[in-house]
Structure formats: C-alpha cells, structure tokens
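Okay, so here's the structure we're looking at.
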Number of protein chains: 2
Amino acid sequence: MTKKYDALKLENQICFPLYACAKEIVRKYKPFLDEIDLTYTQYITMMVLWDKKQMNVKTLGEYLYLDSGTLTPVLKKLEAKNFIRRSRDKEDERNLCVSITDEGEMLKEKAAGIPDKISHCVNLTKEEAEQLYTLLYKTLGDLSQ
Amino acid sequence: MTKKYDALKLENQICFPLYACAKEIVRKYKPFLDEIDLTYTQYITMMVLWDKKQMNVKTLGEYLYLDSGTLTPVLKKLEAKNFIRRSRDKEDERNLCVSITDEGEMLKEKAAGIPDKISHCVNLTKEEAEQLYTLLYKTLGDLSQ
DNA sequence: TCCTTTTAAATTGTGTGCTATTTATAAAGA
DNA sequence: TCTTTATAAATAGCACACAATTTAAAAGGA
C-alpha cells in the first residue's frame, strides 16, 4: 500500500537522479578538460562558438540555458585565455558580441577526442542513449514553458 | 555524411541536456521551496532524514553524491533553522551524527505537496517517466564506477 | 606503548549559478 | 524633442560543488 509520504523519498523522485547524474558526468569530464585548461561551463560555451563562430551574450545564454550573471565571468576568463574576443556591437552598443579567436579554433582540435572518451564512461546501448536523449529534450522542452 | 567535429556539437551530446534539465527542474522547485525556507540541496538532505531519521555525514554524502566540503555548510544552516541536530558520535568521535528534530519532522508535512506540484511541470507519460528513471539510474550506476 | 597510517569532518580557494539590482543604450510615445 | 519604457550586460550577494589540505580521532603494527 502506498503511504502518505512516499513521494518525498529520494528514490521516488525524477529530479534527484537527474541532478546526481549531471554532477557525476561533469566530474568525468574534469580530467580531460583539465588537459585543455577549460571548466565544463567554459567547454560548452566553446562548443557553441566552435559551431557558430560568433554570437551575442543573450543568444549564447539561450543556447546554454544560462544568463549574463553566469556568463559574464565565464566569458571574461575565456577572453583572458585568448580563446574568444568580446566587443560591443557597433549597430547596438547594448549587445556584446562574443567571437572565437584563432587560438580558440585551434583548441577545437585538442577537444575533438573528448566526446568519445566520455562515452566510454556510460555503458548505454545505442538505443538506450537515443531514448535518454529524446526523453531529456522532451523534459527540457516542458520545463522551458 | 558525418563530419569530423560533429561529436563536439552541443546537440550531439548526452551530457548537455542532462546538465540543462537538472538546472531547469531545480529552478522549478524554487518557488515551492522558498515557501518552506529550504534550498534544493537542503531539501534533498531533509528528504533523506525524513526517511532515515539519523545518519553520519559520510553516509549522507553517499546517498546524495556530495562530500563533506559541500555538506558541512549545508548542515550548519539546517541546524541554525532547528530542522536538524549535529552531534559527535560517542563511540567514534570522528563521526558527526546528523539527526532530525521535531521541527524538522513538522516540516515534512509542509513539504508533502511539493512532488505533486513539480510533476505538473513535466508532461511525460507514466511509461516515459519510468523509462527516464531507469535510464538515469543505469547511467548513474555506470558513472559511479 | 609509541609511531604510523587511516578515516571523518572541517577548512580553504576557485568557479559556477541564481535572483535582484544597476548601468548604459536604444526605442517609443506624448 | 523630451521623457518614459524596454532591453542587454554587468554587478552584487548568496549558496552550492569540488579539489586539495588540514585537523582530530581511531586503528594497526613494531
């Protein structure tokens, strides 16, 4: 019989394994990211810029689900490492344009092997990984409402 | 045709939706947790104690995937709110025993409605939720190796 | 018993991540 | 045009989260 407080148990929540999984997988990235002197947040920021080359902070934040309060210090650190450039948009000075540097492009080469190394830490079948991927994006969509 | 750097795109990673989903769902808890003066980390700590009544920091950390560096300040705040007690184990003074107070028990009543409110933020079917749950715990198991 | 090793928490320092506020710029309206 | 409103970043303050170190206590071995 289901008891009054069962829903309050850790093992009956969907949020907890999500929270724990995200933390643990980010931890797995650490040794690989250390080698290229990036944190996980810096890494996902670079991933967007490796793909899109340039973007303002607001749009970047929409991709990453982060706001300027988090991004500003991250971007300043990436700029200090010469992986990105930060400059005001001449058309609209409110916008800060973030763009990748040559050094940032070169970093992509060094990062190219990371996704494969991480995939070895998780033993999901191709079908399971696709299922998880689909369910996570469906959930993310619901949560963004 | 698959390109050399495709694996480095945000949308081809499993970690990113995991990371984003975890953040967004924790954000959904915030208004409800604000009402009972708990942060998410404090809430999952209380969940373990509502269930188990008492436990040392190390064991608590194994349940929550957190270490003493994170837990010590969290536990001090919960003690300041009179939801828990912290006391050294008489048998082995290295262990700190964390136990729930009457006030902590009373908080359970106020928290009882939260899981149901959160479930309305995510529109997964019962089957999808179970699938996601299973895949997350499978992944968490792999990552803990 | 005394010394070494191990273990559990606490501490330190860095980096997010969030809310709320502030600053600067642009847009909109009387 | 002048004022009000809206928008984009930056800033401030708080709370994790983690790695590395320190402290205190217990266990194990010569």
Side-chain angles (χ1 to χ4, degrees), chain A residues 15-16 19-34 37-46 55-81 84 86-98 143, chain B residues 15-16 19-34 37-46 55-81 84 86-98 143:
Chain A
C15 183
F16 178 71
Y19 159 86
C21 241
K23 276 193 312 128
E24 292 305 302
I25 198 164
V26 167
R27 187 207 301 272
K28 291 286 183 187
Y29 275 91
K30 188 161 194 312
F32 305 123
L33 292 178
D34 278 349
D37 190 28
L38 290 182
T39 62
Y40 183 72
T41 313
Q42 290 167 10
Y43 172 63
I44 59 177
T45 302
M46 291 306 296
M55 186 172 289
N56 65 36
V57 174
K58 183 180 166 56
T59 312
L60 186 58
E62 285 164 2
Y63 274 89
L64 299 177
Y65 292 82
L66 292 171
D67 66 7
S68 72
T70 300
L71 282 174
T72 296
V74 170
L75 294 172
K76 284 184 176 174
K77 279 171 201 132
L78 286 173
E79 185 182 43
K81 296 178 195 179
I84 66 165
R86 296 163 67 248
S87 58
R88 290 285 163 181
D89 183 344
K90 291 294 172 224
E91 306 297 306
D92 184 343
E93 293 271 343
R94 289 171 303 181
N95 289 295
L96 185 81
C97 180
V98 180
L143 292 169
Chain B
C15 183
F16 178 70
Y19 158 87
C21 243
K23 276 194 311 127
E24 293 305 302
I25 197 166
V26 167
R27 187 206 301 272
K28 291 288 182 184
Y29 275 91
K30 188 162 192 312
F32 305 124
L33 291 178
D34 278 350
D37 189 29
L38 290 182
T39 64
Y40 183 72
T41 312
Q42 291 167 10
Y43 173 63
I44 59 177
T45 302
M46 290 306 297
M55 186 171 289
N56 65 36
V57 173
K58 183 179 166 54
T59 312
L60 187 58
E62 284 164 4
Y63 274 91
L64 299 177
Y65 292 81
L66 292 171
D67 66 7
S68 72
T70 301
L71 283 175
T72 296
V74 169
L75 294 172
K76 284 182 177 175
K77 278 171 203 134
L78 287 174
E79 184 183 42
K81 295 178 194 178
I84 65 165
R86 295 163 69 246
S87 57
R88 289 286 163 179
D89 183 342
K90 289 296 170 220
E91 305 297 308
D92 184 342
E93 292 272 342
R94 288 173 304 183
N95 289 296
L96 185 81
C97 180
V98 180
L143 291 169

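Keep in mind the model is a prediction, meaning the values are calculated, not measured. Below, chain A is the first sequence line, B the second, and so on; all start at residue 1.
- For D:dA17, the OP1/OP2 oxygens have no side-chain nitrogen or oxygen of A:R27 closer than 4.0 Å.
- Side-chain nitrogen and oxygen atoms of B:K76 include at least one within less than 4.0 Å of the OP1 or OP2 phosphate oxygen of C:dT11.
- Spacing between atom CG of B:L71 and atom C1' of D:dC18 amounts to 12 Å, rounded to whole angstrom units.
- For B:V57, taking side-chain heavy atoms from C-beta onward, the closest of the listed nucleotides C:dG17, C:dA9, C:dT16 is C:dA9.
- Comparing A:D92 and A:P73 by the nucleotide of DNA chain C that holds the closest heavy atom to each, the one mapping nearer the 5' end is A:P73.
- Interatomic distance, CZ of B:F16 versus CD1 of A:I44, reported as 5.5 Å (0.5 Å rounding).
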Pair A:N95-A:R88, side-chain contact (heavy atoms from CB on, under 4.5 Å): steps then yes or no: CA-CA 6 Å; A:N95 289 295; A:R88 290 285 163 181; over 6 Å; no
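- To the nearest angstrom, P of D:dC18 lies 19 Å from CG of A:L38.
- Comparing C:dT16, C:dG17, D:dC16 by their nearest atom to the side chain of B:K23 picks out C:dG17.
- For C:dA8, the OP1/OP2 oxygens have no side-chain nitrogen or oxygen of B:N56 closer than 4.0 Å.
- In this structure, B:R88 does not reach the D:dA26 phosphate: none of its side-chain N or O atoms is under 4.0 Å from OP1 or OP2.
- Side chain of A:K77 to main chain of A:Q42: no donor-acceptor pair is present (N/O by atom type, distance under 3.5 Å, no hydrogens or angles).
- As a whole-Å value, the separation of B:L64 CG from D:dC18 C1' is 15 Å.
- Taking the six-membered ring where tryptophan is involved, the planes of A:Y29 and A:Y43 are tilted, since the angle between them lies from 30° to 60°.
- Of the side-chain N and O atoms in B:Y40, none sit less than 4.0 angstrom from OP1 or OP2 of C:dG17.
- Computed from coordinates, the B:L96 CG to D:dA25 C1' distance equals 14 Å when rounded to whole Å.
- Here A:N95 reaches the OP1 or OP2 of D:dA9: one of its side-chain N or O atoms lies under 4.0 Å away.
- The phosphate of D:dC18 (OP1 or OP2) has no side-chain N or O of A:K30 nearer than 4.0 angstrom.
- Taking atom CG on B:D89 and atom P on D:dA26, their separation rounds to 9 Å, with Å as the unit.
- Between C:dA9, D:dT7, D:dA26, one nucleotide has an atom nearer to the side chain of B:R94 than all others, and that is D:dA26.
- Nucleic acid contact class of B:L66 (heavy atoms, under 4.0 Å, all strands): sugar-phosphate only.
- When the side-chain nitrogen and oxygen atoms of B:Y65 are compared with OP1 and OP2 of D:dA17, none of them lie within a distance under 4.0 Å.
- Distance check, rounded to the nearest 0.5 Å: CG of A:L64 to NZ of B:K23 gives 8.0 Å.
- Note: B:Y65 OH to A:E24 CD = 6.5 Å, rounded to the nearest 0.5 Å.
- Between the side chain of B:S68 and the base of C:dA10 there is at least one donor-acceptor pair of N/O atoms closer than 3.5 Å.
- Remark: A:T72 is in phosphate contact with D:dA10, judged by side-chain N or O atoms under 4.0 Å from OP1 or OP2.
- Using a 4.0 Å cut-off, no side-chain N or O of A:T39 falls inside it from OP1 or OP2 of C:dT14.
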Which pairs of donor and acceptor atoms, one on a side chain in residues 66-75 of chain A, lie under 3.5 Å apart (sequence neighbours left out)?
residue	atom	partner	partner atom	Å
A:D67	OD1	A:G69	N	3.1
A:D67	OD1	A:T70	N	3.1
A:T72	OG1	A:S68	O	2.9

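- Contact annotation: B:T41 side-chain N/O to D:dA17 OP1/OP2 distance is under 4.0 Å.
- Between A:K77 and the phosphate of C:dT14, there is no side-chain N or O to OP1/OP2 separation shorter than 4.0 Å.
- Look at A:K58 and you'll find a side-chain N or O under 4.0 angstrom from OP1 or OP2 of D:dA8.
- Listed pair B:R86 / C:dA8 fails the phosphate criterion, with no side-chain N or O lying under 4.0 Å from OP1 or OP2.
- Distance A:E93 CD to D:dA10 C1': 15 Å, rounded to the nearest Å.
- For the pair A:D67 CG and C:dT21 C1', the computed distance is 13 Å after rounding to whole Å.
- Sequence order on DNA chain C of the closest nucleotides to A:T70 and B:G69 puts B:G69 first from the 5' end.
- What separates OH of A:Y29 from P of D:dA19 is a distance of 16 Å, to the nearest Å.
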